[in-house]
Enquirer: 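Quick one: structure below, then a few questions.
Just so you know, these numbers come straight off a predicted model, no measurement behind them. What you see below is based on every heavy atom in this structure, not just the backbone, and it leaves out hydrogens, waters and symmetry mates.
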Amino acid sequence: MELSELPEKEFDKVKETLITQGTIFEIKKVKDYDVKYFEIVTLSNILIKFFLFISLGLYAVINLIGIILSIVYNSYNLINPIETIVAVFIICFIIFAIFNNINTKKKKEQNIIYIKDNNFIFNFRDGIVETPTLFYSLPYDSIQKIEFLIHKLKKQQIFGSVTFTFKVLDYTVIHIIRFTNLSEIEKLFKSRFSILLDKLFIDGKSIKDRGETIKNENKVKYFFIALVVFIISILLVVIPSILNFNSLALIISSVILLVTSLIVFLSSYLYIYHLVQGIIISGIFLIMGFCMPLLIIEISGIPFIDYIIQNSQILLTTIFGIIGLCLYFYILTITIGKISYKIRNKKAEI
C-alpha cells in the first residue's frame, strides 16, 4: 500500500516514526547535494498556457459581442446580459485558477529529487497539504522500481517522465518527475548506481532483459475502443449523407473522432496508455464546445449571426471547446514526439 493512502491516524503514526528514524527530516531548503533533477519547462507547456489564456480572452470577447448584438437588435433588458457576463467571469476565473499552475517559468523548479551520499532526497507529501520544509531521505537500495515514460527525443537526449517507487517500512512511497532529461538520469545510474539498472523500466520494458515485464492487459480493450470511435466517426458522415443533410459540424466531429481513434489504436505500440482517457475526454469536449452549438444553429435553419443575436447564451458552451482544444493539442504533441522517437530509434538500430 502507498503510504499516502493510509487513514489519517495511522498515517500520522507512521510519519512520526519516520521522523524519529531520520527518514523524514525538516529543513527550509536543500543546499548540499551531489546531483539534482527536476521538472523541465517545455515549449508545449508554454504554448498551452499562452493559447489557453488568449482563448479565454477571445471567449470573453465573443460572448461580449453576442450580448451587444442581442441588446442592439432585440432590445434585451439588462438582466440576461448581466447573467451572461457573470457566468463568463466565473468560468474564466475557474479555468485560470486551474491552468495557472502549469509551470512555464524556467527558473521555477518543480518535483525535485536530490541525490546526496547515495540517498535520494525529495519533498514529503501526504497527498493533501503541501509541506515544503519536510523531506524524505531514502537510500538507493530502498528503490523498488524506476519507470521511464518517454515523450520525445531531442538532440540525442531522451525526455519524459520518471516514477520512483521506494520501500519505506511496509509501505511504498512514489515520487514522480513529470518531464525531465531521462538520459542524464540513466547516465547517473550507469556510473554510480549500476545495480539500479536491474530495476529500470523504459516504456514498460526492463533494461535488464529487454523483455515486456510490465504487463498491460488493456491492449484488446483499447483496440475495441479505437474501433468503436472509428465506426462512430464514419457514421457521422455516412448517415447524414444518406439523409441528404449536409453538416459542417458533423464533418468536423467525424475528423476529431477519426484522429482520436487513431491515437487510441497507436497507444498499444507507443506505450501512451495514460493518454487514452485524456484524448477521448478532450475530443468530447471539442465536440461539445464547438460542434454541438454549430449543429444546433445548422438545424435551426437560421443564419449564424441571426441565431447568435437571438440566443447569445449558446456561446457560453464554447468554453468546453477551448479546454478540449488545449488538452487535445498537448496530447498530440506528446504522440508526435513519441512517434518521432520510435522512428529515430529504429533507424539507430539499423
Enquirer: Does the pair Val276 and Lys221 meet the rule for a side chain to side chain contact (heavy atoms under 4.5 Å, CB included), with working shown?
Expert: CA-CA 11 Å; Val276 170; Lys221 170 185 157 184; over 6 Å; no
Enquirer: Output the distance between atom OG1 (Thr260) and atom CD1 (Ile284), rounded to the nearest 0.5 Å.
Expert: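 One finds 8.5 Å between OG1 of Thr260 and CD1 of Ile284.
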Enquirer: Can you pull the ring-ring contact (aromatic ring centres under 6.0 Å, His included) pairs that have at least one residue in residues 237-269, sequence neighbours excluded?
Expert: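 ring-ring contact (aromatic ring centres under 6.0 Å, His included) check on residues 237-269 returns Phe265-Tyr269.
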Enquirer: Please check this pair: side chain of Ser253 against backbone of Ala249, looking for a donor-acceptor N/O pair closer than 3.5 Å.
Expert: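 Answer holds: yes.
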Enquirer: With sequence neighbours left out, which residue pairs that include part of residues 131-142 fulfil the salt bridge (Lys or Arg N to Asp or Glu O under 4.0 Å) condition?
Expert: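 Salt bridge (Lys or Arg N to Asp or Glu O under 4.0 Å) check on residues 131-142 returns no pairs.
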Enquirer: If I compare all heavy atoms of His175 with all of Asn111, which pair ends up nearest, and what's the gap?
Expert: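 Minimum heavy-atom separation between His175 and Asn111: NE2-O, 3.6 Å.
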Enquirer: Is the closest side-chain heavy-atom distance between Gln21 and Leu169 below 4.5 Å?
Expert: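 In short, these two side chains touch, coming nearer than 4.5 Å.
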Enquirer: Where do Thr133 and Ile27 land on the side chain to side chain contact (heavy atoms under 4.5 Å, CB included) test, with the steps shown first?
Expert: CA-CA 5 Å; Thr133 60; Ile27 189 173; over 6 Å; no
Enquirer: Report whether Leu262 and Ile281 are members of the same hydrophobic cluster (ILVMFWY, side-chain heavy atoms less than 4.5 Å apart, transitive linking).
Expert: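 The answer is yes; both residues are in one hydrophobic cluster.
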Enquirer: The criterion is side chain to side chain contact (heavy atoms under 4.5 Å, CB included); which residues satisfy it with Glu2, sequence neighbours excluded?
Expert: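 Counting only residues at least two positions away or on another chain, Glu2 forms a side chain to side chain contact (heavy atoms under 4.5 Å, CB included) with Ser4, Glu5, Thr172, Ile174.
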Enquirer: Taking the side chain as C-beta and beyond, is there a heavy-atom pair between Ile339 and Leu266 under 4.5 Å?
Expert: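 Yes, their side chains come closer than 4.5 Å.
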Enquirer: Distance-only criterion, 3.5 Å: show the donor-acceptor pairs between side-chain atoms of residues 291-299 and protein atoms not counting sequence neighbours.
Expert:
residue : atom : partner : partner atom : Å
Glu298  : OE1  : Ser247  : OG           : 2.6
Glu298  : OE2  : Leu248  : N            : 3.0

Enquirer: For a quick test of your reading: what N or O donor-acceptor pairs under 3.5 Å do the side chains of residues 226-242 make, sequence neighbours left out?
Expert:
residue : atom : partner : partner atom : Å
Ser233  : OG   : Phe230  : O            : 2.5

Enquirer: Output all residues satisfying side chain to side chain contact (heavy atoms under 4.5 Å, CB included) with Ile112, sequence neighbours left out; order by chain, then residue number.
Expert: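 So Ile112 forms a side chain to side chain contact (heavy atoms under 4.5 Å, CB included) with Lys36, Phe38, Glu109, Tyr114.
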Enquirer: Using the side chain to side chain contact (heavy atoms under 4.5 Å, CB included) criterion, which residues pair with Tyr330? Sequence neighbours excluded.
Expert: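 Tyr330 satisfies side chain to side chain contact (heavy atoms under 4.5 Å, CB included) with Ser44, Asn45, Ile48, Thr333, Ile334 once adjacent residues are dropped.
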Enquirer: Nearest 0.5 Å, what's the CD1-OG distance between Ile225 and Ser261?
Expert: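 The CD1 atom of Ile225 sits 12.0 Å away from the OG atom of Ser261.
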Enquirer: Please test Leu182 against Thr180 for side chain to side chain contact (heavy atoms under 4.5 Å, CB included), starting from the C-alpha separation and ending with a verdict.
Expert: CA-CA 6 Å; Leu182 300 178; Thr180 191; 4.0 Å; yes
Enquirer: How many angstroms lie between CG in Leu18 and CG in Leu134, if you round to the nearest 0.5 Å?
Expert: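 The distance works out to 11.0 Å.
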Enquirer: Is there a path of hydrophobic side-chain contacts, each under 4.5 Å between heavy atoms of I, L, V, M, F, W or Y residues, that connects Ile143 with Tyr171?
Expert: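 Yes, one cluster joins them.
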Enquirer: List the residues meeting salt bridge (charged side-chain N to carboxylate O under 4.0 Å, His left out) with Asp34, not counting sequence neighbours, and say none if there are none.
Expert: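 With neighbours one apart ignored, the set is Arg192.
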Enquirer: Do Lys190 and Leu197 come within less than 4.5 Å of each other through their side chains, counting heavy atoms only?
Expert: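 SC-SC contact between Lys190 and Leu197 confirmed.
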Enquirer: Taking salt bridge (charged side-chain N to carboxylate O under 4.0 Å, His left out) as the test, write out the residues that go with Lys116, two or more places apart.
Expert: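 Listed in chain order: Asp32.
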Enquirer: Measure across Leu270 and Lys338 and return the closest heavy-atom pair with its distance rounded to 0.1 Å.
Expert: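 Nearest pair, atom of Leu270 first, then Lys338: O-NZ, 2.6 Å.
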Enquirer: Test Phe120 against every option in Phe193, Tyr140, Tyr136 by the ring-ring contact (aromatic ring centres under 6.0 Å, His included) rule and name the one that passes.
Expert: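 Among Phe193, Tyr140, Tyr136, the one meeting ring-ring contact (aromatic ring centres under 6.0 Å, His included) with Phe120 is Phe193.
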Enquirer: Report the distance from atom CG of Leu138 to atom CZ of Phe122, rounding to the nearest 0.5 Å.
Expert: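 It is 4.5 Å, given to the nearest 0.5 Å.
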Enquirer: Kindly compute the distance separating CD1 (Ile195) from CG (Leu200), expressed to the nearest 0.5 Å.
Expert: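 Rounded to the nearest 0.5 Å, the CD1-CG separation comes to 13.5 Å.
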Enquirer: Are Leu196 and Tyr33 connected in the hydrophobic side-chain network, where two residues link if heavy atoms are under 4.5 Å apart?
Expert: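 No: no chain of side-chain contacts under 4.5 Å links Leu196 to Tyr33.
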Enquirer: Treating Ile, Leu, Val, Met, Phe, Trp and Tyr as nodes and any side-chain heavy-atom pair under 4.5 angstrom as an edge, say whether Tyr222 and Ile263 lie in one connected cluster.
Expert: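 Same hydrophobic cluster.
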Enquirer: Check the pair Ile279 / Thr335 against side chain to side chain contact (heavy atoms under 4.5 Å, CB included), numbers first and verdict last.
Expert: CA-CA 10 Å; Ile279 195 69; Thr335 304; over 6 Å; no
Enquirer: Applying ring-ring contact (aromatic ring centres under 6.0 Å, His included), which residue pairs with at least one partner in residues 280-325 are found, sequence neighbours left out?
Expert: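 Every pair satisfying ring-ring contact (aromatic ring centres under 6.0 Å, His included) with a residue in residues 280-325: Phe285-Phe320.
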Enquirer: Compile the donor-acceptor pairs under 3.5 Å between side chains in residues 151-167 and protein atoms, sequence neighbours left out, one pair per line.
Expert:
residue : atom : partner : partner atom : Å
Gln157  : OE1  : Asn181  : ND2          : 3.2

Enquirer: For Leu286 versus Gly321, what's the shortest heavy-atom pair and its separation?
Expert: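 Nearest pair, atom of Leu286 first, then Gly321: CD2-O, 3.6 Å.
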Enquirer: If you measure from OG on Ser191 to CD on Glu186, what distance do you get to the nearest 0.5 Å?
Expert: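 If we round to the nearest 0.5 Å, Ser191:OG and Glu186:CD are 11.0 Å apart.
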Enquirer: Tell me if the aromatic rings of Tyr271 and Tyr273 count as close, with their centers under 6.0 Å from one another.
Expert: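 So the answer is yes for these two rings.
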Enquirer: Same cluster or not: Val259 versus Ile336, using hydrophobic residues (I, L, V, M, F, W, Y) connected whenever any side-chain heavy atoms lie under 4.5 Å apart?
Expert: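 Result: no, two separate clusters.
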Enquirer: Excluding sequence neighbours, so at least two apart, what forms salt bridge (charged side-chain N to carboxylate O under 4.0 Å, His left out) with Lys187?
Expert: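 Result, salt bridge (charged side-chain N to carboxylate O under 4.0 Å, His left out) vs Lys187: none returned.
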